[in-house]
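Residue numbers begin at 1 in each chain, while the letters A, B, ... track the order of the sequences. Scope of the values below: all heavy atoms of this structure, side chains included, with no hydrogens, waters or symmetry mates.
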Amino acid sequence: MPELPEVETVRRDLNRLLPGMVIGQVQGLFPGSVKGIGFKKFSETIQGAKIVKVSRRAKYLLILLDSGLTLIIHLKMTGVLQRQQKDDPLPRSARIIFYFEDGTRLVFSDQRKFGSIKLTSEPNELPEIKKLGTEPLESKFTPAVLQQRLAGRKGPVKTVLLDQTVLAGLGNIYVLEALHRAGIAPQRSTDTLKNDQIKKLHSAVTRTLKEAIAARGSSVDTYRDGQGKSGWFQVKHRVYDREGQSCKKCGHTIVKEMFRGRGTYWCPKCQR
DNA sequence: AATCGTTCCTGATAGC
DNA sequence: TGCTATCAGGAACGAT
C-alpha cells in the first residue's frame with residue numbers, strides 16, 4: 001500500500017515526466033474514481049490544460065494545472081499512477097486514463113476502487129487536506145514537535161501514529177518499522193513514553209522514511225512507481241510481513257497479531 | 001475532543 | 001475439483 005515513501009517516489013517520477021504535457025482526451029473506465037463532480041464535467045474541465053508540477057501532501061498527490069486547478073489523487077490501498085507509452089499494455093484495473101498529445105498517457109489503476117481523484121482550485125481548503133498534521137520529512141518536524149503532537153494522547157502509540165491529523169503520511173508499514181527501530185511496542189500507551197523514547201521515535205520515523213524513499217518504496221502488494229516498476233524496501237523490512245522470522249536485532253521470533261482490526265507485526269522481546 | 005465501529009471493494013486464499 | 005467464506009486495509013463518516 002502506498003504510504004509517504006511510495007507516494008513521494010511516484011511524485012518524483014511524475015514531476016520529471018509530466019510538466020509541460022497537455023491533457024487531451026480523458027477516458028473513464030470506472031468514472032466512480034472521480035469524486036465531487038461527475039466524470040463528464042471533470043473531463044471537459046481539464047481538457048487542454050497543461051501540467052505545471054506534481055507535489056505531495058501526506059499521501060495525497062497534487063497535480064497542478066496551468067488553469068489554476070489541481071488534481072488531488074489518493075491511491076489508498078491499491079492505486080497506481082503511471083505514465084505509459086502508446087504500446088504499453090494497460091493494467092487490468094485501469095480506471096481513469098489521461099491521454100497526452102504526444103501519444104503517451106497517465107493511467108490511474110486501482111484494483112479495489114478505494115482510490116479517489118478530485119479537482120479543485122483550492123487544495124489547501126479541502127477538509128481532508130486542511131486537517132492533516134505535521135509532515136515528518138519537513139525540517140519543522142523536530143523531537144520537540146513530536147512530543148507536542150503526542151501530548152495528551154492516551155491511546156496506543158501505533159494508533160496515534162496512524163492518525164493523519166497527528167503526523168501526515170505514515171501507514172501500517174512505516175509505523176511498525178519505526179516502532180521496531182525505536183524499541184517501542186505498538187500497544188504501548190502514548191502517555192507513558194519518556195522524553196528519550198520520543199527522541200528515539202522521532203529519529204526512527206525520519207530514518208525509516210528516508211531509507212524507504214532511497215529504496216523507491218515497499219512493493220508488498222500492488223504498489224508500483226510512476227513508471228510501473230516495483231520498489232525494494234520490502235527486503236529491508238525488520239518486522240512488516242516477517243511473521244515467524246527472526247528479529248534482526250535480537251533473534252526472537254517476529255509475531256503478527258490483530259490489533260484494533262489491523263495486522264500488527266512486532267518483536268515482543270526488544271519492543272517494550 | 002477523542003475514540004470507536006462501519007463502510008467501501010476485489011483478488012487471493014483457506015476450508016470444506 | 002470447485003465452491004463459498006473470509007480477509008486485507010486508508011480514511012470518511014456517524015455515533016458515543
Side-chain angles (χ1 to χ4, degrees), chain A residues 1-11 28-37 56-62 72-81 90-96 108-118 120 123 125-136 148-179 186-193 209 212 217-224 234 237 239-244 255-266:
Chain A
M1 337 125 228
E3 304 179 19
L4 189 153
E6 289 77 25
V7 178
E8 176 62 15
T9 302
V10 174
R11 184 199 73 76
L29 299 170
F30 178 69
S33 292
V34 173
K35 315 285 181 185
I37 56 173
R56 178 188 64 75
R57 175 78 169 101
K59 302 174 198 172
Y60 293 87
L61 282 163
L62 289 80
I72 307 218
I73 301 174
H74 200 302
L75 302 173
K76 292 285 179 88
M77 331 281 287
T78 58
V80 174
L81 200 57
L90 269 186
R92 178 185 299 274
S93 57
R95 306 299 184 200
I96 306 289
F108 173 74
S109 57
D110 186 19
Q111 184 185 104
R112 290 182 210 168
K113 298 182 174 176
F114 282 9
S116 65
I117 301 179
K118 285 188 182 181
T120 176
E125 297 306 315
L126 280 185
E128 62 264 42
I129 299 287
K130 219 170 179 175
K131 68 185 186 187
L132 290 169
T134 308
E135 281 286 332
Q148 174 255 317
R149 302 298 295 161
L150 298 182
R153 295 303 198 114
K154 294 191 196 317
V157 64
K158 182 194 175 187
T159 309
V160 175
L161 292 177
L162 283 172
D163 185 337
Q164 300 298 299
T165 68
V166 177
L167 284 191
L170 297 182
N172 209 24
I173 295 176
Y174 296 103
V175 163
L176 293 174
E177 289 297 314
L179 284 171
Q187 306 84 346
R188 176 77 174 273
S189 179
T190 305
D191 60 0
T192 66
L193 292 175
L209 293 176
S218 303
S219 287
V220 290
D221 193 7
T222 53
Y223 164 70
R224 297 293 182 274
Q234 66 277 11
H237 286 177
V239 288
Y240 192 87
D241 211 16
R242 295 195 68 245
E243 181 184 17
V255 301
K256 178 188 186 185
E257 57 193 54
M258 289 307 280
F259 179 65
R260 305 267 174 116
R262 295 285 178 265
T264 300
Y265 300 88
W266 65 296

Item to complete: Send over the distance from A:E3 CD to C:dG10 P, rounded to a whole Å.
Response: 7 Å
Item to complete: Pick base, sugar-phosphate or nothing for A:Q164, based on heavy-atom distances below 4.0 Å to the nucleic acid.
Response: sugar-phosphate
Worksheet item: What distance separates A:R242 CZ from A:Y265 OH, expressed to the nearest 0.5 Å?
Response: 11.5 Å
Worksheet item: A:D110 and A:S93: side-chain donor and acceptor closer than 3.5 Å?
Response: no
Write down the protein N/O and nucleotide N/O pairs, taken from nucleotides 5-8 of chain C, whose separation is under 3.5 Å; answer none if there are no such pairs.
| from | atom 1 | to | atom 2 | distance (Å) |
| --- | --- | --- | --- | --- |
| C:dA8 | N3 | A:R112 | NH1 | 3.4 |

Worksheet entry | Minimum side-chain heavy-atom gap A:F114-A:T78 below 4.5 Å | no
Worksheet item: Can you tell me how far the CG atom of A:D191 sits from the CZ atom of A:R153, to the nearest 0.5 Å?
Response: 11.5 Å
Discussion item. Do the side chains of A:K59 and A:E3 get close enough for a salt bridge, i.e. N-O under 4.0 angstrom?
Written reply: no
Fill in: Quiz item: cation-pi between A:K113 and A:F30, 6.0 Å / 45°
yes
Fill in: Pairwise side-chain contact, A:Y60 with A:L132, heavy-atom cut-off 4.5 Å (strictly under)
yes
Practice prompt. Quick one: pull up CG in A:L162 and OH in A:Y174 and give me the separation to the nearest 0.5 Å.
Written response: 13.5 Å
Practice prompt. Provide the start and end nucleotides, 5' to 3', of the part of DNA chain B that has atoms under 4.0 Å from heavy atoms of chain A.
Written response: B:dT3 to B:dG11
Fill in: Atom pair CD1/CD1 of A:I72 and A:I129 - distance to nearest 0.5 Å
4.5 Å
Worksheet item: A:L75 CG to C:dG10 C1': how many Å, rounded?
Response: 11 Å
Discussion item. Using side-chain heavy atoms (C-beta onward) and a distance below 4.5 Å, is A:E128 in contact with A:H74?
Written reply: no
Worksheet item: Pick the nucleotide of DNA chain B nearest each of A:G152 and A:R262; which residue has the one closer to the 5' end?
Response: A:G152
Check: protein-nucleotides 12-16 of chain C nitrogen or oxygen pairs below 3.5 Å:
| from | atom 1 | to | atom 2 | distance (Å) |
| --- | --- | --- | --- | --- |
| C:dA12 | OP1 | A:Y60 | OH | 2.9 |
| C:dA12 | OP2 | A:K131 | NZ | 3.0 |

